[in-house]
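Notes follow once the structure below has been shown.
Numbered from 1 within each chain, the chains take letters A, B, ... in sequence-line order.
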Amino acid sequence: MLTVTFPDGSRKDFSSSVSSYDVAHSISPALAKAAMVAEVDGELIDLHAPLPERGEVVLRILAKKDPEALDVMRHSCAHVMAQAVMRLWDGVQLAFGPTTANGFYYDFDLDHSLSEEDFPLIESEMTKIIAADEPFEWLLKPRDEAIELFRGLDQQLKVEHLETGLADEPMVSFYRHGEFLDLCRGKHISSTRHIGKAFKILSVAGAYWKGDAKRQQLQRLYGTAFFDAKELAEHLRQLEEAKKRDHRVIGKQLGLFAVNPTVGSGLVLWLPKGAAIRGILEDYIKGELRRWNYETVYTPHIGRVELYEISGHYPYYSDSQFAPIDMDDGERYLLKPMNCPHHIMIYQSKLRSYRDLPVRLAEFGSVYRYEQSGEVSGMTRVRGFTQDDAHIFCTEDQVTDEFRGCIEMTQNMLAAVGMDQYRVRLGFRDRDSDKYVGNAEIWDRAEAALQKVCEEMHLPDLTIELGEAAFYGPKADFVVTDCIGREWQLGTVQLDYNLPSAMRFGLEYIGADNRPHEPVMIHRAPLGSLERFVGILIEHFAGAFPLWLAPEQIRVLTVSEKSEEYGRQVEKELRAAGFRVAGDYRSQKLGAKIREAQLELIPYMLVVGEKDREAGSVTVRDRIDGDLGPIKVADCMAKFREEVEAKRVRTAAKRGGSCSH
RNA sequence: GCCAGCGUAGCUUCAAUUGGCAGAGCACCGCAUUCGUAAUGCGGGGGUUGUGGGUUCGACUCCCACCGCUGGCUCCA
């Protein structure tokens, strides 16, 4: 006899062999009809899979409203898409077809080059398959039988995967619906019918078989599906929204930055307004550095190759660096790909005592990396960028406090720009890989120290990812979620026991025992690169920067040329008070001037006409709330000053309230 | 670097029947207008259709190569 416990705590006994579907049906036919998939003791299973014949299980029947069911349905939808492709073209080789956070994809090898024009064709074939109400059937076979089966079907990629990736599996599972059979762990919904109509193929792209650039390139179709057409529409709307926020589009519209192919791809030209934003951020960071007791240094943009041979960067990353500059006398110089070796030399410029530590050296350091041509994009992926970099040299005992300080500083800075949704990802080494330098004992110590601090600080959504460490040490990355739910990796704090070691630079300080000791290094960059950070900020605010960051905070608009003199006087007063202000004194109608200022996302417009001149006031128009009426110039400045000092973010939230502060 | 798609004026706003005289809007410049909360009117300049080659009587249109951009893959100190 089987006893089934339901989420509400109620229990039910079954004497004969039953499936989750049977159980649902025994409660009510309506529940059975709504059921998509089931969860038994926390594990997803197919609705028609038999439950154990005796014992006890906790059973959840998952319906369309459950997120797990949506993921299962998308997986089924990926199979249906693959089936449609196989019906439409000959010689299709199936690779993998998993779900993603927002949809699914399937990789194929086929002669026909898939393009957007094919999408409606594939979608209409999918519609037919869905309407046919084909049940998903689960099969389990010994691996060697499976190999024979896929050989018979001429699915070479599947055969290869069975022979290599699944070599240790005695039994492998399949799903079949209609004529389509796929090697698949599952799980799946009970019938194609449940996919419904709310699905869409989104894009096609190249993808390597098993993610290996040395292997053949496959064609990947991306798609998504929802149980509800409204949710699909909302998802597509959000994709459109993301497109409108593209920093490359907004950056051009608002004159923030430019990339010119004659200068070189991936090399950002900061236009005056973009440079203003960067300058404001830099000033803010400088203030934070003083507060946290850092010292500022400057280092050159190039260094001898030998410097990077000692650090290990040159041999390790030679593929992604600009080639060395060869001089006549045989010397070779590298455009610096990292600031740390230079900062290390500053540390070494004098004998250090334990009393000097921690030494915290900060620099807006520009570095150059030769990213692959297909990789560069806008400001977020570039070949030359400036890090808000610093290196801390401290004793082993100071590591925990210093690391904690770096995390806190990063948290403060993200809060200041209104990015309060983030998670921290701990990047540890992959113990099976040989790409790391330094011995295992040091690594274990570093990883443990890092994890301890993060756990003590109760960082949100802390995750540990193996294989994500830098080659010289473990790290904590800040992954920020922007206004429309996209994740971006920004700041990073990295622990380094290797560069200071005798194997590398052999750093020392004289301890209280009057003997030399090895310091520990921390690499940290709260915002990462200024290029990338500003690019992401543009998208986060959709170009509508808060007052403290806006390149042009205030624009004076005259009603007519009669008020120009007064307008210029107001402008001058605001500028003298430290505001970034401009004036529009053209013989245009007020409406036109307002429209332009609105489109340029200027936070405040000060309308001045004859009435204002007589009263010594300005009529304030807020970019978000519109006309605020006449205000005395002095009161107006106090209001703006308060908003700047509070670093208030009052961008109108587009969705979900994640941007409201 | 790889796969695919796309390149028409400053503009990720776009037009140009099967190959048949490259055209609008916005922006820009000039003149008029002096206006109170999202576009005042009139006029003007601006193009070797990404670059080079080919097919053709004739190429924005068809073919080839290269460059650039976009979406992904791979990489990311």
Problem set entry | Criterion side chain to side chain donor-acceptor pair (under 3.5 Å) on A/K611 and A/S617, from CA distance to verdict | CA-CA 8 Å; A/K611 279 183 260 173; A/S617 65; over 6 Å; no
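Every pair passing ring-ring contact (aromatic ring centres under 6.0 Å, His included) that includes a residue from residues 584-632 of chain A is listed here, sequence neighbours excluded: A/Y604-A/F640. Among pairs with a residue in residues 532-541 of chain A, those fulfilling salt bridge (charged side-chain N to carboxylate O under 4.0 Å, His left out) read A/R486-A/E539, at least two apart in sequence or across chains. Listed by first and then second residue, the salt bridge (charged side-chain N to carboxylate O under 4.0 Å, His left out) pairs involving residues 98-115 of chain A are A/D107-A/R220 (not counting sequence neighbours).
Distance A/Q387 CD to B/rA77 P: 11 Å, rounded to the nearest Å. Computed from coordinates, the A/D109 CG to B/rC2 C1' distance equals 14 Å when rounded to whole Å. The distance from atom CE of A/M521 to atom P of B/rA77 is 15 Å, rounded to the nearest whole Å. A straight line from CZ of A/R555 to P of B/rU37 spans 18 Å, rounded to a whole angstrom. As rounded to whole Å, 22 Å separates atom P of B/rU37 from atom CD1 of A/I554. Across the protein-nucleic acid pair, A/Q321 atom CD and B/rC76 atom C1' stand 12 Å apart, rounded to whole Å. Protein atom CG of A/L254 is 16 Å distant from nucleotide atom P of B/rC11, rounded to whole Å. Atom CG in A/L599 sits about 12 Å away from atom P in B/rA38, given to the nearest Å.
Under the rule for a side chain to side chain contact (heavy atoms under 4.5 Å, CB included), the partners of A/E116 that lie at least two apart in sequence or sit in another chain are A/F119. Taking the salt bridge (charged side-chain N to carboxylate O under 4.0 Å, His left out) definition, one finds that A/E240 meets it with A/K243, sequence neighbours left out. For A/H235, the side chain to side chain donor-acceptor pair (under 3.5 Å) criterion is met by no residue, not counting sequence neighbours. Legend: residues meeting side chain to side chain donor-acceptor pair (under 3.5 Å) with A/E123, ordered by chain and number and at least two apart, are absent.
Within 4.0 Å of A/Y472, counting heavy atoms only, lie sugar-phosphate atoms of the nucleic acid but no base atom. Base contact: A/K611 has a heavy atom under 4.0 Å from a base atom. Among the protein residues, A/K475 comes within range of the sugar-phosphate backbone only, with heavy atoms under 4.0 Å from sugar or phosphate atoms but none that close to a base. Residue contacts shown for A/G211 are limited to sugar-phosphate atoms, with no base heavy atom under 4.0 Å away. At a threshold of 4.0 angstrom between heavy atoms, the contacts of A/Q216 with the nucleic acid are absent.
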Tabulated below should be each protein N or O lying under 3.5 Å from an N or O of nucleotides 45-49 of chain B; please produce it.
none

Output a table of nitrogen or oxygen pairs between the protein and nucleotides 68-72 of chain B separated by less than 3.5 Å.
unit_1 : atom_1 : unit_2 : atom_2 : d
B/rU70 : OP1    : A/R248 : NH1    : 2.9
B/rG71 : OP1    : A/R248 : NH2    : 2.7
B/rG71 : OP2    : A/R248 : NH1    : 3.2
B/rG72 : O3'    : A/Y222 : OH     : 3.2
B/rG72 : N2     : A/Q217 : NE2    : 3.1

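Comparing A/D612 and A/Q372 along RNA chain B, the residue whose closest nucleotide (by nearest heavy atom) sits nearer the 5' end is A/D612. With RNA chain B read from its 5' end, the first of the two nearest nucleotides for A/Q489 and A/R613 is the one closest to A/R613.
Counting only N and O atoms by type, the side chains of A/D612 and A/T619 include a donor and acceptor under 3.5 Å apart.
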Tabulate below the donor-acceptor pairs under 3.5 Å that side-chain atoms of residues 258-266 of chain A make, not counting sequence neighbours, or state none.
unit_1 : atom_1 : unit_2 : atom_2 : d
A/N260 : OD1    : A/T262 : N      : 2.7
A/N260 : OD1    : A/T262 : OG1    : 3.3

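Of all nucleotides listed (B/rA77, B/rU37, B/rU40), B/rU40 comes nearest to the side chain of A/A592.
Residue A/Y317 and nucleotide B/rA77 are classified as a stacked aromatic pair, their ring centres being separated by less than 5.5 Å at an interplanar angle below 30°.
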Problem set entry | 5'-to-3' dot-bracket of RNA chain B (Watson-Crick, G-U; under 3.5 angstrom; crossing pairs as [ ]; | other strand) | (((((((..((.((.....[..)))).(((((.......))))).....(((((..]....))))))))))))....
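Side-chain contact check for A/R613 versus A/V608: every heavy-atom pair is 4.5 Å or farther apart. Annotation: side chain of A/P519 is not in contact with side chain of A/M521 (no heavy-atom distance under 4.5 Å).
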Exercise. How does protein contact run along nucleotides 26-35 of chain B, one letter per nucleotide 5' to 3', with B for base contact, S for sugar-phosphate only, - for none, heavy atoms under 4.0 Å?
Worked result: -------BBB
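Put simply, the side chain of A/S311 and the base of B/rA77 share no donor and acceptor less than 3.5 Å apart.
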